[in-house]
Amino acid sequence: MCNHTAESHCEPIATPDSWPAVDNDWLSAVGNDRVSTVDSHDHPLVALVMKGTTQLFRRFLSLLGPKLITTILAVVSTPVIVRLLGPASYGDYAVLLSVYSLYMIPISAAITEGVQKFLAEERDTEAWIERVLQFYLGVALLLALVGSGVLLVVTDLGVAERVGEGFTRYFYLLAGFVFVGQFRALSMHSLLGFGFEQVKGPLGVLKKGLTVGVGIGLVAGGLGVVGMLLGHIVANALTAIIAGAVILRRISLRELFSLPDSLPYREFLSFNGLNIVLVLLVMSLFHVDVIMVRTLVGDEATGYYKAALSLAEYIWIVPIVLQGLLLHSSSTLWSENRYDELSALAGRITRYTALLVVLMAIGLGTLADRVVPLYYGEPFAVATTPLLLLLPGAVGFAVARPLQAICQGSGQLRVLIAAVGVAAALNVGLNAALIPLFGMNGAATATSVAYGSMFVLLVWASRRLGYDPVADLRAARIGLTAALAGGIIVGTSRLIDADFLALGVVPVVGLGTFSLLAITLGAVDTDEVVEILAKLPLPTRVTALLPG
């Protein structure tokens with residue numbers, strides 16, 4: 001078993017073949033990639049994994065529902081914002097969000113994953129929860145003040161105006177956005193650390209609703225990009241207040257404001273420092289291309305490229321939910337040395353995620369030439385090509401996102417940083433080489449390659465840390481399912497001339513065909529499908545019809 005006190009060396013990975021002593025039936029099932037079909041009573045590890053999966057699935061559903069709502073809000077509001085702002089102003093807005101996201105890395109990454117991870121752990125330290133919150137609240141306040149102050153000074157010196165016309169007032173608003181955004185991030189990640197997914201989810205919907213509601217109202221009133229920034233500030237401030245109130249009701253204020261006898265400051269600071277580096281590298285994958293397109297090509301091209309990027313990222317909806325959930329969930333498994341369960345759980349999640357995002361990518365790619373002009377407007381039809389170029393890489397990154405969270409949960413970030421660092425360097429280098437030659441299509445190609453490399457690199461990092469997320473991937477079966485279903489989906493789309501009819505029929509045909517082929521070819525087992533359906537909040541009559 002891996003010695004998790006050091007990152008430099010690990011013993012054999014906890015794959016199915018290395019699980020504890022089992023009977024021949026169990027080994028036979030594992031050898032045929034049928035782990036999930038073994039009865040939970042046949043082996044104690046399977047029972048543990050299924051129990052853990054059930055608990056995780058329930059918590060996942062409590063986050064997925066709100067995430068679907070926020071995605072719908074984004075889908076509905078984005079074309080409205082694009083049309084109200086226009087390509088140039090939307091490009092400026094996209095750049096501001098990228099600048100904000102990158103600037104917040106040393107400010108926010110020092111607290112978010114840390115507070116989420118350590119709140120989820122069980123320690124012998126007295127009033128451990130209050131001690132963790134006390135530390136991260138102090139750090140959050142200090143960094144928020146410094147971050148906002150530095151941005152105000154830099155803006156006052158005229159740096160913002162060099163970016164573009166009107167950016168001075170934008171950057172003054174960004175300073176306020178930084179301050180409230182810091183406490184929104186702290187409070188929301190604290191809720192996850194407590195296991196309050198049922199609270200965090202609705203608050204995410206509230207934040208998104210306020211952002212687009214207030215923002216669009218102010219943009220329509222003539223405030224333009226300023227209006228959208230004010231929408232972000234209002235939404236983040238109110239969300240932070242509500243989340244903070246929920247947390248304060250569940251802790252001791254006396255303990256929160258009392259001086260601690262001792263705390264593992266070195267452990268906190270080490271994790272925080274390494275996490276800043278990690279998040280900086282990951283976020284560079286999201287934003288370096290946008291900033292480089294704005295700098296090297298122009299504002300309109302940036303608007304078109306950002307539109308394509310936003311559509312490609314819609315396939316990340318489930319992986320993002322899993323990523324947010326798995327950090328604190330896997331931290332508990334890591335802290336209790338349950339490495340075999342980590343491998344089994346990661347393997348199942350990786351396969352399910354791959355199946356889902358491949359289906360979504362095939363559907364979006366098939367309908368891209370219809371979706372883009374209908375969604376954003378005819379001038380944005382040029383964004384179809386970069387969207388198609390982005391999709392392959394977006395699939396790879398989607399499958400990698402849950403793995404990143406599991407690796408972070410180990411607390412050993414150096415291997416993860418090395419893996420993500422390679423992808424980030426690849427992203428910068430390819431964008432610098434391809435954007436001057438091919439504009440936004442070059443950016444899409446470069447970013448897609450970097451995104452796709454994340455899956456390979458994070459599988460390597462996972463194995464170095466001691467678990468194998470692809471032991472039950474069934475890549476050949478997934479590939480064959482995708483190829484056969486893709487042909488039927490593309491053929492169906494070509495048979496239908498009317499755009500709206502195609503948007504209604506193709507997804508239904510695609511889902512049915514892909515699901516049937518996935519089960520027939522063994523990419524997913526019938527027992528697994530029944531297990532998932534049994535956990536869904538279906539009507540009692542439907543649940544009663546399920547086997548077992």
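Keep in mind that what you see is a predicted model, and the values were worked out from it rather than measured.
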Without swapping roles, check the side chain of R294 against the backbone of T302 for a donor-acceptor pair under 3.5 Å. no
Would you confirm whether S108, through its side chain, and M104, through its main-chain N or O, come within 3.5 Å as a donor-acceptor pair? no
Flag side-chain contact, heavy atom, 4.5 Å: V395 against L391: no
Quick one: side-chain hydrogen bond (donor to acceptor under 3.5 Å, both in side chains) partners of Y451, sequence neighbours excluded? none
If we ignore hydrogens and angles and just use 3.5 Å, is the side chain of S448 paired with the main-chain N or O of L389 as donor and acceptor? yes
Strictly under 6.0 Å, is that where the ring centroids of F286 and W316 end up? yes
Would L355 and F514 count as a side chain to side chain contact (heavy atoms under 4.5 Å, CB included) if you check the C-alpha gap in whole Å, the side-chain angles of each, and the deciding distance to 0.1 Å? CA-CA 9 Å; L355 282 164; F514 192 93; 4.0 Å; yes
Tell me yes or no: between the side chains of S310 and Y305, is some donor less than 3.5 Å from an acceptor? no
CD1 on I105 to CG on L280, rounded to 0.5 Å: 4.5 Å
To the nearest 0.5 angstrom, please state how far the CZ atom of R474 sits from the OG1 atom of T481. 11.0 Å
Is there a donor-acceptor pair closer than 3.5 Å between any side-chain N or O of S270 and the backbone N or O of R266? no
Donor-acceptor pair between N441 and T385 side chains, under 3.5 angstrom: no
Apply side chain to side chain contact (heavy atoms under 4.5 Å, CB included) to residues L413 and V277 and explain how you reach the verdict. CA-CA 9 Å; L413 301 184; V277 177; over 6 Å; no
Polar side-chain atom of Q116 near backbone of H189 as donor-acceptor pair, under 3.5 Å: no
Test item: N431 side-chain N/O and N427 main-chain N/O as donor-acceptor pair under 3.5 Å: yes
Is the side chain of S453 donor-acceptor paired with the backbone N or O of A450 at a distance under 3.5 Å, no angle test? yes
Is the F196 ring parallel, tilted or perpendicular to the F194 ring (thresholds 30°, 60°)? parallel
Roughly how far apart are L345 CG and I349 CD1, rounded to 0.5 Å? 4.0 Å
Does T350 reach the main-chain N or O of V470 with its side chain, forming a donor-acceptor pair under 3.5 Å? no
Sub-3.5 Å donor-acceptor pair from the side chain of T295 to the main-chain atoms of M292, do we have one? no
Rounded to the nearest 0.5 Å, what separation is found between the CE atom of M283 and the CD1 atom of I276? 13.5 Å
Begin with the C-alpha distance, continue with both residues' side-chain angles, and end with the deciding distance and a verdict on side chain to side chain contact (heavy atoms under 4.5 Å, CB included) for V420 and L458. CA-CA 8 Å; V420 178; L458 286 186; 4.3 Å; yes
side-chain hydrogen bond (donor to acceptor under 3.5 Å, both in side chains) with S98: which residues, sequence neighbours excluded? H287
Both conditions, 6.0 Å and 45 degrees, for the charged tip of R401 above the ring of F397: are they met here? yes
Partners passing side-chain contact (heavy atoms from CB on, under 4.5 Å) against T239 (at least two apart in sequence or in another chain): R184, M188, L203, K207
Below 30° counts as parallel, above 60° as perpendicular, anything between as tilted: where do the rings of Y136 and F118 land? parallel
Are the charged groups of D525 and R351 less than 4.0 angstrom apart, N to O? no
Report the C-alpha distance between D468 and S343 in whole Å, list the side-chain angles of each, state the deciding distance to 0.1 Å, and finish with yes or no for side chain to side chain donor-acceptor pair (under 3.5 Å). CA-CA 5 Å; D468 188 357; S343 283; over 6 Å; no
Over all atoms of both residues, closest heavy-atom pair of L388 and P392: O-CD, 3.3 Å
For side chain to side chain contact (heavy atoms under 4.5 Å, CB included), just list the numbers for Y467 and R463, CA-CA rounded to whole Å, side-chain angles, deciding distance to a tenth of an Å, and then say yes or no. CA-CA 5 Å; Y467 74 98; R463 287 173 167 171; over 6 Å; no
Taking N272 for its side chain and F268 for its backbone only, find out whether a donor-acceptor pair lies under 3.5 Å. yes
